[in-house]
Amino acid sequence: MTASPRAAALRQPNDLESFWIPFTPNRAFKRAPRLIARAKDMHYFTPEGRAVLDATAGLWCTNAGHNRDPIVDAIKHQAEELDYSPAFQFAHPKSFELASRVAALAPADLNRVFFCNSGSEAVDTALKIALAYHNVRGEGSRTRLIGRERGYHGVGFGGISVGGIVANRKLFGTLLAGVDHLPSTYNREHQAFTKGEPAWGAHLADELERIVALHDASTIAAVIVEPMSGSTGVLPAPKGYLQKLRAICDRHGILLIFDEVITGFGRLGYAFAAERYGVTPDLLTFAKGITSGSVPMGGVIARDGIYEAFMRGPEHVVELFHGYTYSAHPLACAAGLATLDLYRDEKIFERAKALEPKWADAAMSLKGLPGVLDIRTVGLTVGIDLAGRPGSPGLRAYAAMERAFHDEGVMTRNTGDTIALSPPLIVSEAQIGEIFDKVGRVIRAVN
Ligand SMILES: Cc1ncc(COP(=O)(O)O)c(C=O)c1O
């Protein structure tokens, strides 16, 4: 297809036309861009040098804060030493070191780490491992995957199939076959304005028994859930819900996958949410916080038994036909090691845990503002549901995000008519106050 003269004329260096921006309304953005040129610790800076307080840790990822010197130095040093080594058939030392460090942070026998480059890849990797695991054990009839309504598992075909956000699914054909969904755990009537895990909702895990009765356990490979659904607007797991899911999966030989792409690395006050809830999944996905967002990286942690099930057959034959050119990329591994050092040395997960009550109290101070329908918190996250504008769903929270950025100097996220906040875990108490003062003003202004 030839480009139109207008499109060709527009393609100048630094014009805004060529870049098709992901998950963004491109035309609105290009009319009033929100550009970020620099960052340090808790702040972004626009090209003009205006500071913007980061209340979202970028996209839930810069848990250690921005441009931290040890991470920057580690990346620089690694780029000088080794830019790339093949991810298949060869390996570099830092990949083993990082895998051991990640395994040490994970609970129980979650000891085997498969690296990839994003949360979406981590999810597709976990789903493939689950299917292959049953196959290599002679239970190849277990092909069904169970997700959950309102779940977000990235944008690969596997992830959108088990995911439960309709806008991410409806334009993309038939998706994976043989997928079913648990109901969402959210119910405003029973849960509104809860700090932490809601008391109501554990019984929703029993829906898995209904799904098993419908399809038979012998056809089901795995269940995948986020311990806290982030991208759909912060939905904490009800008390006892994850424990119930674990028990039902055990009863029927179904693998349980926790998608910890957001909840990993301190967001809920622990290395992984699995520890907070005392529930060990069979596979656990991570990304984002592993490098504090500095270099793309994701991965899957598998229990020993899963890894061992593959370690049969002739030793020269590949055991799992899966991987990415950039799995365990040297820059990502170097950044990951420096990030884990920072988390340990600055006790960042413990800090997040200690701040949780103050964060939750500050968040709840917005209760009663015009149009605020619900506020949910867990760890250092909050979802604030706003009443939508009639006929224009999502517009109010979008207007809030724009106003927060341009007028208040604070970065917020909007999903539907929910404002979602998740600051870097180095946020100070004063900055928590600043965030909610600013967001409160914004909510009043967009009413
Ligand atoms: C739970 C969960 N899984 C997967 C993903 C996808 O991650 P990525 O955007 O790195 O592919 C996300 C992203 O927010 C997520 O929240």
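Remember, it's a predicted structure, so these values are computed and weren't measured experimentally. Indexing begins at 1, ligand by ligand and atom by atom, following the structure's order.
Under the side chain to side chain contact (heavy atoms under 4.5 Å, CB included) criterion, Gln78 pairs with Glu81, Leu82, Lys94, Pro330, Leu331, Ala334, sequence neighbours left out.
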Taking distance alone, no hydrogens or angles, what donor-acceptor pairs closer than 3.5 Å link side-chain atoms of residues 294-303 to residues at least two apart or in another chain?
{"from": "Ser294", "atom 1": "OG", "to": "Thr291", "atom 2": "O", "distance (Å)": "2.7"}
{"from": "Arg303", "atom 1": "NE", "to": "Asp109", "atom 2": "OD1", "distance (Å)": "2.8"}
{"from": "Arg303", "atom 1": "NH1", "to": "Asp282", "atom 2": "OD1", "distance (Å)": "3.4"}
{"from": "Arg303", "atom 1": "NH2", "to": "Asp109", "atom 2": "OD1", "distance (Å)": "3.3"}

Would you tabulate the side-chain donor-acceptor contacts of residues 27-34 under 3.5 Å, counting partners in other chains and residues two or more places apart, or write 'none'?
{"from": "Lys30", "atom 1": "NZ", "to": "Leu16", "atom 2": "O", "distance (Å)": "3.0"}
{"from": "Lys30", "atom 1": "NZ", "to": "Glu17", "atom 2": "O", "distance (Å)": "3.4"}
{"from": "Lys30", "atom 1": "NZ", "to": "Phe19", "atom 2": "O", "distance (Å)": "2.7"}
{"from": "Lys30", "atom 1": "NZ", "to": "Asn26", "atom 2": "OD1", "distance (Å)": "3.4"}

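Remark: Lys128 does not engage Asp124 in a salt bridge, criterion side-chain N to carboxylate O under 4.0 Å. Using a 4.0 Å cut-off between charged nitrogen and carboxylate oxygen, Lys40 and Asp69 count as a salt-bridge pair.
Near ligand 1, Ser118, Gly119, Ser120, Tyr152, His153, Gly154, Glu226, Ser231, Asp259, Val261, Ile262, Lys288 each place a heavy atom less than 4.0 angstrom from the ligand.
Cation-pi geometry between Arg38 and Phe45 is met: under 6.0 angstrom from the ring centre, within 45 degrees of the axis.
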